[in-house]
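First the structure, in the form of structure tokens, and then the observations on it.
Order of the sequence lines sets the chain letters (A, B, ...), proteins ahead of strands, with each chain counted from 1.
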Amino acid sequence: MDDAVGERLERLNSMLKRRGIILPAFEIHGGAAGLYDFGPLGGRLRNRVQQVWLEHWLSQGDITELSCPTITPYSVLEASGHVGEFSDFITTCVACEEAFRADTLLEECHSNPDSLSKDELAQELATHSPPCPNCRESEWGEVSAQNLMFNTRIGSGKSGRDGFIRPETAQGMFTNFQSLYRHFRQRLPFGAVQVGKGYRNEISPRQGMIRLREFNMAELEYFIDPEIEAKHDFTAWNSKEMRLVPDDGEEVLMSIPAALESGIIRHATVAWYMARTADLLENLGIDLGRLRFRQHVGAEMAHYASDCWDAEIHASYGWVECVGIAHRGCYDLSAHEQYTGQRLKAWRAWSTPKEIDVEIITSNAAVTGPAFRTQAGAVKQALEALNATPTEFPFTLQLEDGSEVEIEEQHVKTERRCETINGEWFTPHVVEPAFGIDRIIWHILDHAWTETEKKGEPYSLLKLSPSIAPLDVTVMPLFEKGGMEIIAGELHSSLCNTSGILSSYDASGSIGRRYARADEVGIPWAITIDHQSLEDKTATVRNRDTQQQIRVKINEIPNLIHSSSMINLF
RNA sequence: GCGGGUGUGGUGAAGUGGUAUCACCUGAGGUUUCCAACCUCAUGUCGUGGGUUCAAUUCCCGCCACCCGCACCA
């Protein structure tokens, strides 16, 4: 980061703190790394960003919203792979009690210590006795898993069980698959979204809001049938060129449908969500000139994923991953299915049912019962496991416990019949766009914050989209007397009583100072009640970004702002 | 986690072994016919815990936080 960027960043952070948008959390207690507050203005900003996000996806029509607990039982995250993936193994120097990552200590002695299990690490440490980087002694204590997830106990004492505070919102959508499948009347594709908090006990949170220990995330899981070619209408994006960085590393400028056509993007649904994500980010106020999609290279991609693109946004901290769009295949549903034994599948009806001859081999219980007594059950099981009908009798059959029995023709019953099969169960694939809301908000602020000059003085304004600005409008009487303050008070109150609108009333300081205050936090519209308002019931409306003013009838103002049509008058 | 830097009202800074200035901001009053004007007054600060000292915001140590680099993570 060069000096100019760093200095701008300092000024931006000062403003965000001074005006109550983003502040370090618990600061009066000394603060806590990786935790931030959205302050008096930031709280609503965050809420509106999440609202825009939700509406963007729900408008697609085949997506529903879930809300699941953040406290999650151990087995859920074990099944999902998080317990394994999110762990580092730690050991402690017996002499100086300093803790180190076990795999790092073994880098000199082993070609790939990262791949070792807990027990193998302990074994290797005992064999090689690497020196302590701190005190040079070489005796090591137990190896323990240090998890990046926050551990907790659900319940207390004996009845309690282990759990975590969730590291992502996704798992709740997978564990709810059956309910989603029913909700959508068993018809793919469909999706679920969830907006909420996620928690990761990062070793070193850095760069302000970029790496947090508690963060706002918003994820979408879109379930599809892998055998049906996805059909998406890309006409709106045909002529929109995007910066794409495919896994060969060369940035290209091309439209998303063209990249799909040429095979750079490997799946139509992934391409669809990339396009829709670009639209969303643009609506939120991200400068598309500073957005790119970067494809994960093979090694970076989780082993189950077949294609993964990050939306990266460029600002003070360079290129930062803010959205990940991954084709996760059937990994998640299969993992939970395997772990729980519950069927997490969808039914695919065939257009023409299949007629198949089936031959069923089983035991003739009336004969085998008396003949094999306690072994009769095992015999039945072994016979049914045969993949071909025996042709010669008697023959020797091996049972599950290893014992052998002599089978005669009378013990066996075979049945042939014709069955009609109408379809099959399959595990849907999932495309997952996952959004880091805090990172996006940070970049919205960074892109919106404009430093300029006014009469030779530094002047800053926040060019937030009216859809997410924490305050929609400010109402100010030119002077707080002569009746102007009454009209202004009434307008302010009427605006605040308009659904979805929040107004601020400001009567202190000169009018120029008040405009500056409003511009600094990005209030799109400033209404001034002046002497003329007393005569003709009009007021001036000022556009934040152009400083242009027009006169509007006071009683029309709430509706013009509510309907987002004020901009049309300018 | 390692190395370097920083911590003084809301913000940005100055300064000192004898408990602190300044500007802006904020609030009140006055003034003012639309872009940080002016006048008067007011609120509010040495990150935190130890140590040295008669006395620590200042010197020393630990901790916490922030920034930069490396490592890590995604």
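For the pairing with Trp309(A), the side chain to side chain contact (heavy atoms under 4.5 Å, CB included) check across Ile264(A), Thr277(A), Val245(A), Val323(A) returns one residue only, Ile264(A). Only one option out of Val541(A), Thr474(A), Leu495(A) pairs with Trp525(A) in a side chain to side chain contact (heavy atoms under 4.5 Å, CB included); it is Val541(A). Exactly one of Val193(A), Val270(A), Leu220(A) qualifies for a side chain to side chain contact (heavy atoms under 4.5 Å, CB included) with Pro433(A). That residue is Leu220(A).
In this structure, CZ of Phe215(A) is placed 11 Å from P of rA74(B), rounded to the nearest angstrom. Atom CG in Asp519(A) sits roughly 18 Å away from atom P in rC34(B) (whole-Å rounding). Remark: P of rA74(B) and CD of Glu219(A) are 14 Å apart, rounded to the nearest angstrom. Atoms CD (Glu7(A)) and P (rG12(B)) sit 13 Å apart, rounded to a whole Å. Straight-line distance from the NZ atom of Lys454(A) to the P atom of rA37(B): 11 Å, rounded to whole Å. Regarding His296(A), its NE2 atom lies at a distance of 8 Å from the C1' atom of rA74(B), rounded to whole Å. Per the geometry, CD1 belonging to Ile325(A) stands 19 Å off P belonging to rA74(B), to the nearest Å. The separation between Glu453(A) atom CD and rA36(B) atom P is 14 Å, rounded to whole Å.
With sequence neighbours excluded, the residues satisfying salt bridge (Lys or Arg N to Asp or Glu O under 4.0 Å) with Arg542(A) are Asp519(A). Take Arg517(A) and apply the salt bridge (Lys or Arg N to Asp or Glu O under 4.0 Å) test, not counting sequence neighbours, and it matches Asp506(A).
Salt bridge absent: Arg290(A) and Asp446(A) never bring a charged side-chain N and a carboxylate O closer than 4.0 Å. Looking at Asp287(A) and Lys463(A), no side-chain N of the basic residue comes within less than 4.0 Å of a carboxylate O on the acidic one, giving no salt bridge.
With P as the reference atom, rA14(B) and rG7(B) are 9 Å apart, rounded to whole Å. Going from the P atom of rU16(B) to that of rG10(B) covers 23 Å, rounded to whole Å. Across rC60(B) and rG18(B), the matching P atoms stand 16 Å from one another, rounded to whole Å. Rounded to whole Å, the separation between the C1' atoms of rA71(B) and rA20(B) comes to 42 Å. On the C1' atoms, rG15(B) is 11 Å away from rC46(B), given to the nearest whole Å. When the C1' atom is used for both rU48(B) and rG30(B), the distance is 44 Å, rounded to whole Å. Taking atom P in both rC25(B) and rG12(B), the straight-line distance is 15 Å, to the nearest Å. Comparing rG50(B) with rU43(B), their C1' atoms sit 33 Å apart, to the nearest whole Å.
OP1 and OP2 of rG10(B) both lie 4.0 Å or more from every side-chain N or O belonging to Lys17(A). Lys455(A) has no side-chain polar atom (N or O) that falls below the 4.0 Å cut-off from OP1 or OP2 of rC35(B). In this model, the phosphate group of rA37(B) is approached by a side-chain N or O of Ser510(A) to a distance below 4.0 Å at OP1 or OP2. The side chain of Thr540(A) contributes no N or O atom lying less than 4.0 Å from OP1 or OP2 of rC34(B). Distances shown here put every side-chain N or O of Ser508(A) at or beyond 4.0 Å from the OP1 or OP2 atom of rA28(B).
Taken together, the paired segments of RNA chain B that extend over three or more consecutive Watson-Crick or G-U pairs, each closer than 3.5 Å at both contacts, are B:1-7 with B:64-70, B:10-13 with B:21-24, B:26-30 with B:38-42, B:47-51 with B:59-63.
Using a 4.0 Å cutoff on non-hydrogen atoms, the parts of residues 528-538 of chain A near RNA chain B are Thr528(A), Asp530(A), His531(A), ordered by number.
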Give me the distances for all protein-to-nucleotides 45-50 of chain B N/O pairs that come in under 3.5 Å?
none

Could you go through nucleotides 23-25 of chain B and list every protein N or O atom that sits under 3.5 Å from one of its N or O atoms, giving the distance for each pair?
from	atom 1	to	atom 2	distance (Å)
rC25(B)	OP1	Arg513(A)	NH1	2.4
rC25(B)	OP1	Arg513(A)	NH2	3.1

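With a 6.0 Å cutoff to the six-membered ring centre and a 45° limit on the axis angle, Arg294(A) does not count as a cation-pi contact of Trp319(A).
Looking at heavy-atom distances under 4.0 Å, Arg11(A) makes no contact with the nucleic acid at all. Residue contacts for Arg542(A): at a heavy-atom cut-off of 4.0 Å it reaches a base atom on one of the strands shown. Across all strands shown, Gly208(A) has heavy atoms under 4.0 Å from sugar-phosphate atoms exclusively, and none from any base.
Nearest heavy atom pair, residue Ala79(A) against residue His336(A), reads CB-ND1, 3.8 Å. In this structure, Arg8(A) and Ser316(A) approach most closely via the heavy-atom pair NH1-OG, 3.8 Å. Nearest heavy atom pair, residue Arg243(A) against residue Leu291(A), reads CD-O, 3.6 Å.
Nearest-nucleotide positions on RNA chain B place Met15(A) closer to the 5' end than the other of Gln549(A) and Met15(A). Toward the 5′ end of RNA chain B lies the nearest nucleotide of Glu457(A), the other residue of the pair Pro24(A) and Glu457(A) mapping further downstream.
Closest approach to the Leu9(A) side chain among rC68(B), rC35(B), rU11(B) is made by rC68(B) (side chain taken as heavy atoms from C-beta onward). Residue Ser14(A) has its side chain nearest to rG12(B) when only rU33(B), rC68(B), rG12(B) are considered. In this structure, of rC34(B), rA65(B), rA36(B), it is rC34(B) that holds the atom nearest to the side chain of Tyr515(A).
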Open item on the list: Test side-chain hydrogen bond (donor to acceptor under 3.5 Å, both in side chains) on Asp530(A) and Thr528(A); report intermediate values, then the result.
Closed with: CA-CA 6 Å; Asp530(A) 57 13; Thr528(A) 303; over 6 Å; no
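Heavy atoms of other residues, nucleotides or ligands lying less than 6.0 angstrom from CD of Glu251(A) number more than 12.
At a cut-off of 3.5 angstrom, counting only N and O atoms as typed in the model, there is no donor on one side facing an acceptor on the other between the side-chain of Arg200(A) and the base of rC73(B).
Under a 3.5 Å cut-off, the side chain of His327(A) and the backbone N or O of Thr269(A) do not form any donor-acceptor pair. With hydrogens and angles ignored, the 3.5 Å screen pairs no side-chain donor or acceptor of Arg292(A) with any backbone N or O of Asp310(A). Using modelled atom types, one side-chain atom of Asp472(A) and one backbone atom of Leu502(A) make a donor-acceptor pair closer than 3.5 Å.
Under the 30°/60° scheme for interplanar angles, the aromatic rings of Trp53(A) and Phe435(A) are found to stand perpendicular.
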